[in-house]
Amino acid sequence: MGLLDWLKHGPSKSAAPRTVGLALGGGGVRGAAHLGVLEVLEREGIKPDLIVGTSAGAIIGAGYASGLAVDEMLRVMRSLKWSDLTRLSLPGRLSVLDTTPLRRFVEDEVGGRDFTDLDVPFAAVACDVLTGTQVVLSEGSVAGAVTASSAVPGLFPPVELGDRLLIDGGTVANLPVRVARDLGADYVIAVDIVPDLTGDHRPHNVRDMLLMTFDIRSRATQAADEQAADCLICPALAGMPPWDFSLVDEMEALGRAAAEEALPGLQEALDGR
């Protein structure tokens, strides 16, 4: 059963006056800011009817949709290192790093679930590098979809799915607001975690260089989605590099602060849910 069928018939469909979608953008380790936003929404009883994520947003979104507690995901992020998620790729492959450890990590965290096993309807956004088109993944293995959505080209290997070769969704829709709307949301809360570059951080290796370059590309895909969001939450992440796990707590706190700032307008808009 696909996501559209689930939204039509599944248990999370309700008589609420709005179908609230949560669109979580990509941005590397800055995905920790999503956890701060989720913490505030959960405290206030604001529960999304569906979640769509790109890249880091797909990782966090999949965890939340599978029932993982926010504080547990934060604890895991605090303990992570790049060596836990990647290893050097063999020569001749299509990337610098192999993300087999990342897929295993996601499988461990979400319990090897399929999309139909999730607590909240969820979709991950990827890009078919062979056609340059957006691919919305909402069936089959959650871990496989998340790995594809997070496959930064050049850094991580593409994921083969049928006749498609999938890479990071940030190449086409880093902030998947319109995807959430297409899947049935009539009110979309979007969390943008790619700030403008400030010149505060220089790349130190190929990984950093590729992530910084991909940030530029990702931001270029976001303008229309930012305009389409009903509530746009932008944590003040300027100067926070997308590769630094030592800044997880600061990023999470910035997500909380941004959500608190957006909360009055959000509560007014959703009054009566």
Side-chain angles (χ1 to χ4, degrees), residues 23-39 53-64 68 70-87 95-99 101-106 108-110 124-125 143 146-156 167-171 174-175 191-219 222 233-259:
L24 302 178
V29 178
R30 291 182 299 237
H34 289 319
L35 296 176
V37 173
L38 286 170
E39 184 178 36
T54 297
S55 200
I59 295 174
I60 299 298
Y64 194 69
L68 287 177
V70 173
D71 59 353
E72 173 62 15
M73 288 191 282
L74 182 59
R75 183 194 66 78
V76 170
M77 281 201 76
R78 287 187 185 120
S79 69
L80 284 176
K81 306 181 294 293
W82 280 101
S83 58
D84 297 323
L85 303 177
T86 62
R87 61 191 181 199
S95 65
V96 175
L97 299 174
D98 173 11
T99 51
L102 172 62
R103 177 161 182 157
R104 288 175 181 162
F105 168 77
V106 175
D108 288 343
E109 293 302 311
V110 303
V125 178
V146 167
T147 305
S149 181
S150 309
V152 178
L155 184 61
F156 303 145
I167 60 172
D168 196 301
T171 54
N174 195 59
L175 189 65
V191 187
D192 174 11
I193 59 169
V194 179
D196 293 329
L197 293 175
T198 62
D200 295 336
H201 292 274
R202 298 179 66 88
H204 299 296
N205 50 45
V206 172
R207 180 202 65 200
D208 297 356
M209 186 66 183
L210 287 170
L211 286 172
M212 289 183 73
T213 303
F214 196 71
D215 262 1
I216 297 169
R217 171 62 185 170
S218 296
R219 174 145 294 285
Q222 291 191 182
I233 299 175
C234 300
L237 294 164
M240 294 279 181
W243 58 79
D244 195 343
F245 281 104
S246 73
L247 297 174
V248 161
D249 283 330
E250 289 92 328
M251 294 171 182
E252 185 268 344
L254 290 169
R256 270 190 286 115

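Only heavy atoms go into these numbers, but all of them, side chains included; no hydrogens, no water, no symmetry mates.
A search for salt bridge (charged side-chain N to carboxylate O under 4.0 Å, His left out) contacts involving R104 returns nothing, not counting sequence neighbours. Annotation: ring-ring contact (aromatic ring centres under 6.0 Å, His included) contacts of F245 (sequence neighbours excluded): W82. Take A258 and apply the side chain to side chain contact (heavy atoms under 4.5 Å, CB included) test, not counting sequence neighbours, and it matches I233, P235.
Residues K81 and D84 have side chains in contact (heavy-atom distance under 4.5 Å, counting atoms from C-beta outward). Two residues are said to be in side-chain contact when any heavy atoms from C-beta on lie closer than 4.5 Å; M77 and E252 fail this criterion. Between T147 and T99, the closest side-chain pair of non-hydrogen atoms falls below 4.5 Å. A heavy-atom distance below 4.5 Å is not found between the side chains of T86 and L102. By the 4.5 Å heavy-atom criterion applied to side chains, V96 and R207 are not counted as neighbours. Looking only at side-chain heavy atoms (C-beta outward), T213 and P203 stay at 4.5 Å or farther from each other.
Remark: the backbone N or O of T54 is not paired with any side-chain donor or acceptor of S149 at under 3.5 angstrom. The closest donor-acceptor contact from the side chain of R87 to the backbone of D98 lies at 3.5 Å or more, if one exists at all. A donor-acceptor pair is defined here as one N or O able to donate and one able to accept, closer than 3.5 Å; such a pair exists between the side chain of D208 and the backbone of H204. With hydrogens and angles ignored, the 3.5 Å screen pairs no side-chain donor or acceptor of N174 with any backbone N or O of G25. Of the possible donor and acceptor atoms, one in the side chain of R30 sits under 3.5 Å from a partner among the backbone N and O of M240.
Between D168 atom CG and F214 atom CZ the span is 3.5 Å, to the nearest 0.5 Å. Residue D108 holds its CG atom at 12.0 Å from CZ of R103, rounded to the nearest 0.5 Å. Taking OG of S95 as the start and CD1 of I167 as the end, the distance is 12.0 Å to the nearest 0.5 Å. Note that SG of C234 is 9.5 Å distant from CG of D196, once rounded to the nearest 0.5 Å. Here the CG-CG distance, from L237 to L247, works out to 10.0 Å after rounding to the nearest 0.5 Å. Note that CG of D249 is 11.0 Å distant from CG of L254, once rounded to the nearest 0.5 Å.
Nearest heavy-atom pair across I60 and M73 is O-SD, 4.0 Å. Among all heavy-atom pairs drawn from A62 and V146, the shortest one is CB-CG2, 3.7 Å. I193 and A33 make their closest contact through CG2-CB, 4.1 Å (heavy atoms, listed as atom of the first residue, atom of the second, distance). Across every non-hydrogen atom of A32 and M251, the tightest pair is CB-CB, 3.9 Å. Scanning both residues, L35 and V70, for their nearest heavy atoms gives O-CG1, 3.4 Å. Taking every heavy atom of both residues into account, P242 and G27 meet most closely at CB-O, 3.6 Å.
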Subject >> F105 and L80: CA distance, side-chain angles, deciding distance, side-chain contact (heavy atoms from CB on, under 4.5 Å) verdict >> reply: CA-CA 10 Å; F105 168 77; L80 284 176; 4.0 Å; yes
